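Since the structure is predicted, the reported quantities are computational estimates derived from the model, not experimental observations. Per chain, numbering begins at 1; letters A, B, ... match sequence-line order.
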There are 2 protein chains.
Amino acid sequence: MTVTLADVAARAQVSPATVSRVLNGNYPVAASTRERVLRAVDELDYVLNGPASSLAAATSDLVGILVNDIADPFFGIMAAAIQSEIGGPGGRAGGERLGVVCNTGGSPERELTYLTLLQRQRAAAVVLTGGAIEDATHAAAVSAKLRRLAEAGTRVVLCGRPPAPEAPDAIALTFDNRGGGRELTEHLIGLGHRRLGYIAGPEERTTTRHRLEGHRAALAAHGVEDDPRRTVHGRYDRRSGYEATLELLRRDPSLTAVVAANDTVALGACAALRDSGLRIPDDVSVAGFDDLPFSIDAVPALTTVRLPLTEAGARAGRIAMGREEPPPGGIATVRGELMVRGSTGAPRA
Amino acid sequence: MTVTLADVAARAQVSPATVSRVLNGNYPVAASTRERVLRAVDELDYVLNGPASSLAAATSDLVGILVNDIADPFFGIMAAAIQSEIGGPGGRAGGERLGVVCNTGGSPERELTYLTLLQRQRAAAVVLTGGAIEDATHAAAVSAKLRRLAEAGTRVVLCGRPPAPEAPDAIALTFDNRGGGRELTEHLIGLGHRRLGYIAGPEERTTTRHRLEGHRAALAAHGVEDDPRRTVHGRYDRRSGYEATLELLRRDPSLTAVVAANDTVALGACAALRDSGLRIPDDVSVAGFDDLPFSIDAVPALTTVRLPLTEAGARAGRIAMGREEPPPGGIATVRGELMVRGSTGAPRA
DNA sequence: CTGTTAGCGCTTTCAC
DNA sequence: GTGAAAGCGCTAACAG
């Protein structure tokens, strides 16, 4: 019924081994033989059986990319960059790898499930993107999985995620969220702001914590009071930014600036300010983080910290494919760049 | 070295067959036996070998989701919805399916490559999202692949893509792009606009063509002149919208409205208008398509056509998993909803 | 450069 | 309800 490699071999009048060699292209085969085999493949419309091939070879061409929220361009952009380096020749069978993105939705269980599934498939590599969850139990479970994956020969790369101390084999490309957060708040302080609201992301997330730490470091360094009532936690979405801003305004109507956990949240903050009759930046300045494509189209354009998502993703992809040397020590910090635009200005008198 | 099912069997003092039955849960096994097996699995930290399992069972737990551009929230949102219905129990081994998204980047070759890779993996189902490429050769190749996949037992679902006539087994959930496009332009005509620029997507794409056809149908129905110089093609991105708008303005500075292929393009159009010193909607109205989350935050908020991406994706996912009846005839049309907001208004006098 | 020979680890009849 | 045995389709030594 289904065409197998043996059928191709019979038709091409060679042994199955030869067909395999032609298909994998990793072994010398006479040009004429190769041609004959390829013709047979074509004529029979043969498709390699992936599972059989992976079983025999004890490894597969699958490369998994884990993201927290695929609907968020932050992850979409990284995923696209990573995947672009994974497709194309370099794999085993037929010279193609299957780069696939898995959406954990930020759920620890799903993250672990995907990791298990990928482990089950004997994935060639796994790339985990974005902030990690800071629950100790979960972190330990993930680290254990990563270690096991690495032991089984799966390359593990973290992109935009801090290194996992217990998974020493994992290469990490970390974003300098702390530094970026600090720079951003210093920019605001430099403009004269002293009462800054901060909309943080979900608690128990490394990204959230690091950005907030940067913000606080800036306040501390410049002797600006850090009133805990000026910080609100929420999700990484627009709605959350909207509501948090209203809440911050309620707590302190004299705020002159709002720093958001990311650009999406900042957009929600802008909407809330507008709906409250406040002008940006005349009444209140707003800043985001990430510099997603739409941020420049906000009105006024958003001041933010640009993260080189595409470059970092591409690099992570190449490292995962073994096409680029890992950074020394297995860890590299990727810095953000402050983008000053129209949404921030001097505070009202 | 690696733990196999036989190891688990030995430890639990049962046969490999029994372990397999426990793991797949699709066969009666005594409760006490099951427990013993599960304990052994745990103690040995056993992970099923996916390829071996798929080889023996002649099917896998992989479900592929093809998208044109994962960095575009349009696809991200659909992919997230589809994937959310795929994870969870229902698969074979261990009751989990691996829903993975594959980014074709809009390239015909990569689309075909992914399809082949998925076929090679004996995927349980494949969901293709978004507009199709209208090249006859490519369309035929895709249709052939889809037919072959269906023959091999892979469920094929199209989500937001028109049905492929040559792949009759594929279930199609199509967006009514033509109707939405028409409604949008009629809204503008109703406001009094007569000189409308249209920024179309890339040529040779069903989505592009259908939206444009809707626009033209509206013009024709209301006796508005359809000057071909008022239509420009570009990519589905912001930059393209920016440049196209400048070009349209150059060709006809008296334009009173710009209809964009989608919201992202519309954002670029807004930026170009602003940079040209034109007010929205006082000087020029702007409309988009899709109603992505950021569209409501544009200033002014974008008039657009809302597509139920999440609902459609979830439904496609359920159909792919065999958890929902396909629509009668295998084809369902999903309608959009006109969202009138601040970016459109009456033309200047 | 090519063929022969063993499995890879699991599922699944078929018996008991 | 459980075990024994026969592959699933391919790859990878090892010869030649």
Side-chain angles (χ1 to χ4, degrees), chain A residues 1-38 40-41 44-61 91-95 119-122 124 152-153, chain B residues 1-38 40-41 44 46-61 91-95 117 119-122 124 152-153:
Chain A
M1 218 206 90
T2 76
V3 184
T4 73
L5 184 140
D7 299 332
V8 176
R11 176 152 193 135
Q13 313 207 64
V14 294
S15 73
T18 300
V19 177
S20 172
R21 293 196 264 254
V22 169
L23 260 24
N24 288 301
N26 50 6
Y27 228 79
V29 174
S32 65
T33 312
R34 136 173 287 110
E35 205 181 322
R36 204 141 33 89
V37 170
L38 258 17
V41 166
L44 295 171
D45 205 13
Y46 169 71
V47 176
L48 190 66
N49 183 316
S53 153
S54 299
L55 172 58
T59 174
S60 82
D61 283 333
R92 291 174 30 267
Q119 181 183 10
R120 185 178 286 180
Q121 300 297 330
R122 305 301 189 252
Chain B
M1 219 205 88
T2 76
V3 184
T4 73
L5 184 139
D7 300 331
V8 176
R11 177 154 194 131
Q13 312 208 62
V14 295
S15 72
T18 301
V19 177
S20 171
R21 294 198 260 254
V22 169
L23 260 23
N24 288 299
N26 48 8
Y27 226 81
V29 174
S32 65
T33 312
R34 133 173 287 109
E35 204 180 323
R36 207 142 31 86
V37 169
L38 258 17
V41 165
L44 295 171
Y46 169 70
V47 176
L48 190 66
N49 183 315
S53 155
S54 298
L55 172 58
T59 172
S60 84
D61 284 333
R92 291 173 33 266
L117 254 22
Q119 180 182 13
R120 185 178 287 180
Q121 300 296 331
R122 305 300 190 251

Enquirer: Among C:dG9, C:dG3, D:dT2, which is the nearest nucleotide to the side chain of B:T18?
Expert: D:dT2
Enquirer: Does a side-chain heavy-atom distance below 4.5 Å link A:V29 with A:V37?
Expert: no
Enquirer: Whole angstroms only, please: what is the CZ-P distance between B:R122 and C:dT11?
Expert: 17 Å
Enquirer: Taking CG from A:L55 and P from C:dG9, how many angstroms apart are they, rounded to a whole number?
Expert: 7 Å
Enquirer: I need the CG-P distance between B:N49 and C:dT11, as an integer number of Å.
Expert: 9 Å
Enquirer: From the list D:dT2, D:dG9, C:dT12, which nucleotide is the closest neighbour of the side chain of B:A57?
Expert: C:dT12
Enquirer: Nearest to the A:L48 side chain among D:dC10, C:dG9, D:dA4, which nucleotide is it?
Expert: D:dC10
Enquirer: Between D:dA12 atom P and A:N24 atom CG, what is the distance in whole Å?
Expert: 7 Å
Enquirer: Let me have the donor-acceptor pairs involving side chains of residues 6-14 of chain B, under 3.5 Å, with sequence neighbours excluded, atom names and distances please.
Expert:
{"unit_1": "B:D7", "atom_1": "OD2", "unit_2": "B:T4", "atom_2": "N", "d": "2.8"}
{"unit_1": "B:R11", "atom_1": "NE", "unit_2": "B:E43", "atom_2": "OE1", "d": "2.7"}
{"unit_1": "B:R11", "atom_1": "NH2", "unit_2": "B:E43", "atom_2": "OE1", "d": "3.1"}

Enquirer: Can you tell me the distance, in whole Å, between the CG atom of B:L23 and the C1' atom of C:dG9?
Expert: 12 Å
Enquirer: Please tell me which of the listed nucleotides, C:dC10, D:dG9, C:dT2, lies nearest to the side chain of A:V29?
Expert: C:dT2
Enquirer: Between atom CZ in B:R21 and atom P in C:dT11, what is the gap in whole Å?
Expert: 11 Å
Enquirer: Whole Å only: how far is the CG atom of A:L5 from the C1' atom of D:dG9?
Expert: 8 Å
Enquirer: To the side chain of B:Y27, which of D:dG1, C:dG9, C:dT13 is closest?
Expert: C:dT13
Enquirer: When the distance from CD of B:Q121 to P of D:dG9 is rounded to whole Å, what number comes out?
Expert: 15 Å
Enquirer: Counting only side-chain heavy atoms from C-beta out, which of C:dT12, D:dC10, C:dG9 sits nearest to B:A56?
Expert: C:dG9
Enquirer: What nucleotide among D:dT11, C:dC1, D:dC10 has an atom nearest to a side-chain atom of A:T4?
Expert: D:dC10
